[in-house]
Amino acid sequence: MRHTLCVTHYVTAGELMVVDPELFESMRLELRRGSLVLAVLARLREERYGYTLRQALASDGLEMEESTLYPLLRRLESQGLLTSEWREEEKRKKRFYRLSPMGEAMLSALTDEWRGISASLDRIL
């Protein structure tokens with residue numbers, strides 16, 4: 001398990017302020033949570049099993065613990081957004097995931113929503 005300690009400073013009206021690291025971490029995780037759903041759906045346009053999905057996300061800068069990924073995959077599958085299949089590969093059984101047709105439609109809708117929110121935040125920030 002890896003933890004990142006981040007102490008953020010900013011200056012307002014000549015006064016140096018320190019951001020509470022616990023509050024920052026809580027808000028950072030909240031911001032990240034929805035982004036991870038979108039990233040997982042996007043990466044599962046191509047069939048993958050859990051480990052290769054984690055690797056792909058990490059190479060994109062979105063590292064995720066197994067304890068976060070696998071419950072997310074089960075939830076998305078129970079919502080009908082993913083399909084999965086057990087197969088033997090390299091003498092090991094692996095569960096492969098892929099977007100379902102409903103998952104593809106949801107990815108498209110969420111991508112449009114994400115782009116709208118991102119454009120709005122770009123204007124605001």
Does one hydrophobic cluster hold both [X] and [Y], with members joined at side-chain heavy-atom distances below 4.5 Å?
X	Y	answer
M27	V37	no
I117	M106	no
L82	F96	no
L53	Y97	yes

Test item: [X] side-chain N/O and [Y] main-chain N/O as donor-acceptor pair under 3.5 Å:
X	Y	value
S100	G80	yes
R98	R45	yes
S108	A105	no

Exercise. Check the pair R123 / S120 against side-chain hydrogen bond (donor to acceptor under 3.5 Å, both in side chains), numbers first and verdict last.
Key: CA-CA 5 Å; R123 286 189 297 275; S120 294; 3.2 Å; yes

Measure the [atom1]-[atom2] distance between [X] and [Y] for me, rounded to the nearest 0.5 Å.
X	Y	atom1	atom2	answer
E25	L23	CD	CG	10.5 Å
R95	Y49	CZ	OH	15.5 Å
L38	T111	CG	OG1	5.0 Å
D60	Q55	CG	CD	12.0 Å
L31	S26	CG	OG	11.0 Å
L57	L36	CG	CG	7.5 Å

Quiz item: So which heavy atom on G50 is nearest to which on Y70, and how close?
Solution: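 Here G50 and Y70 meet closest at CA-OH, 3.3 Å.
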
Would you mind reporting whether [Y] and [X] have side-chain heavy atoms less than 4.5 Å apart?
X	Y	answer
F24	E22	no
L44	L107	no
L62	R32	yes
V40	L73	yes
T68	E63	no

Practice problem: Using the salt bridge (charged side-chain N to carboxylate O under 4.0 Å, His left out) rule, take E90 and K94 through it: C-alpha gap first, then chi angles, then the decisive distance, then the call. | Solution: CA-CA 9 Å; E90 299 169 7; K94 298 176 182 178; 3.5 Å; yes

Self-check item: Results of side-chain hydrogen bond (donor to acceptor under 3.5 Å, both in side chains) for E47 - residues two or more places apart only
Solution: R87

Quiz item: Is R75 salt-bridged to E77, cutoff N-O under 4.0 Å?
Solution: no

Quiz item: Which residues pass the salt bridge (charged side-chain N to carboxylate O under 4.0 Å, His left out) test with E66, sequence neighbours left out?
Solution: R54

